[in-house]
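Both ligands and their constituent atoms are indexed starting at 1 by order of listing. We use all heavy atoms of the structure for the numbers below, so side chains are in, but hydrogens, waters and symmetry mates are not.
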Amino acid sequence: MASNCSLLNPIHENLIIGELLMLFDDLRINKARLQNTLEESARIGKTDKNGLIRCAVTDEDKIGRDLLVKWYKECGCEVIIDEMGNIFAKRPGKNPSLGAVLSGSHFDTQKPGGRFDGILGVLGALEVMRTINENGIELERDFIIVDWTNEEGGWFAPACMGSGVWAGNHTKEWAYARKDRDGYAVFGEELERIGYKGSFPASHKEWNIYAAYELHIEQGPQLWKENIQIGAPKGILCLHWYDIWLEGTANQVGPTPMAGRNDALLAFSEMNIVVNNVAHQMGNMVGTVGEIQNYPNSRNIIPDKVHFTVDVRSWDDDHALKAWEMMKKEFEIIAERRGCILRTEETWKVAHAPFDRELYNRVVEISEQLNYSCKRMVSGAGHDMSEINQVTRGAMIFVPSVEGRSHVEVEETPYEDCERGTNVLLHCILKTANEV
Ligand SMILES: [Zn+2]
């Protein structure tokens, strides 16, 4: 009780303790203000179909960042821009030595993408900051909003670049040297061009972070289908990426009989089915072929080369590995039968990432206190939190995606759901930033 009293500044001192607690419990964010802020963001890089094209380090990204910085300064925050262009807005607490509570996401989009992916996490944290400010609440710990640079990786790969460097998984020099997907622009130069190559070191070692939260749309159909208001992911699935190359024999399609062909695309077609079947059979996992290049890709030449990718995800890393071994075995049989040479390579492997148990449970408890329906779940998508969670304690809050759609222009989350998720974030932050 005493710690709750200390939340409030002197204007609240004449209230009795019971009134103070009620004031605190009843605190809610301002839905109209959150909606306005989201709508203002949705004008920067707007597409004809009401989506957004606001890729990292483009002119639109700069306009978005400038607006964020303006909003942060209006909140009285200290704004810090690091070498990767990650933007931090700090609201000092009474005891900065205790370590800060960090919350945010990303302001960049796919090409094209939607108005909520990442953006809700940044603007939800901003709405929490505004709510805390206007109620004159003092927090024990610093509260910091963050906008991570280039989470999407749509123009410059890889994804989660800003948070990845911050967490120590890449060097900034490596990130600066990344070329865009057409091979022309250089990331570090573009970051400098838009004026967001800061001087503050891009490393978690420069910060004392006690806990981190990321509010995000689910990007999948579970909450929407089951009509549940809040999702509490216990962590993020493991992610295994593979690249596969097939080599057959090219020939004129007309004179070459069907028997005895070494058709690389046909072999691939069977392999695609294998990926799907294995994922179904094993359960508790997903397996996807998302990319394929076919050569020479001509209607009257039997394809002699195919490259494709396999993405395998599961909560259980060994299960995912077992699935890949099964797929590979089947691939070998098919390649042999179709007379193709098979080469496989493991491109990227990230272990499943459990979130902090206490923070994850807190998301559920607070949702229940606020009378929101809540589902314990896992995140199939990677997020900045995958990186942040490696160097501090982290958790996420999900809100429904209409029809489970994201990374598309029609991406939609009703403002009532944005409001509910932001209220959960508000109370997670109030509670965590006052733990001493
Ligand atoms: Zn996102």
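Protein contacts to the Zn ion (ligand 1) involving N, O or S atoms at a distance below 2.8 Å are H106 NE2, D117 OD1, H216 NE2.
In summary, R362 and E358 engage in a salt bridge, as defined by a charged side-chain N under 4.0 Å from a carboxylate O.
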Which pairs would a plain distance check flag for residues 279-289, meaning a side-chain donor or acceptor within less than 3.5 Å of a matching protein atom at least two apart in sequence or in another chain?
none

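Results of the ring-ring contact (aromatic ring centres under 6.0 Å, His included) test with Y242 over F308, F331, W324, W348 single out W324 as the only residue that passes. When I44, T47, D108 are each tested for a side chain to side chain contact (heavy atoms under 4.5 Å, CB included) with R54, only one passes: I44.
Under the 6.0 Å distance and 45° angle rule, R405 does not count as a cation-pi partner of W224.
Counting heavy atoms from C-beta outward, L126 and E74 have side chains that stay 4.5 Å or more apart.
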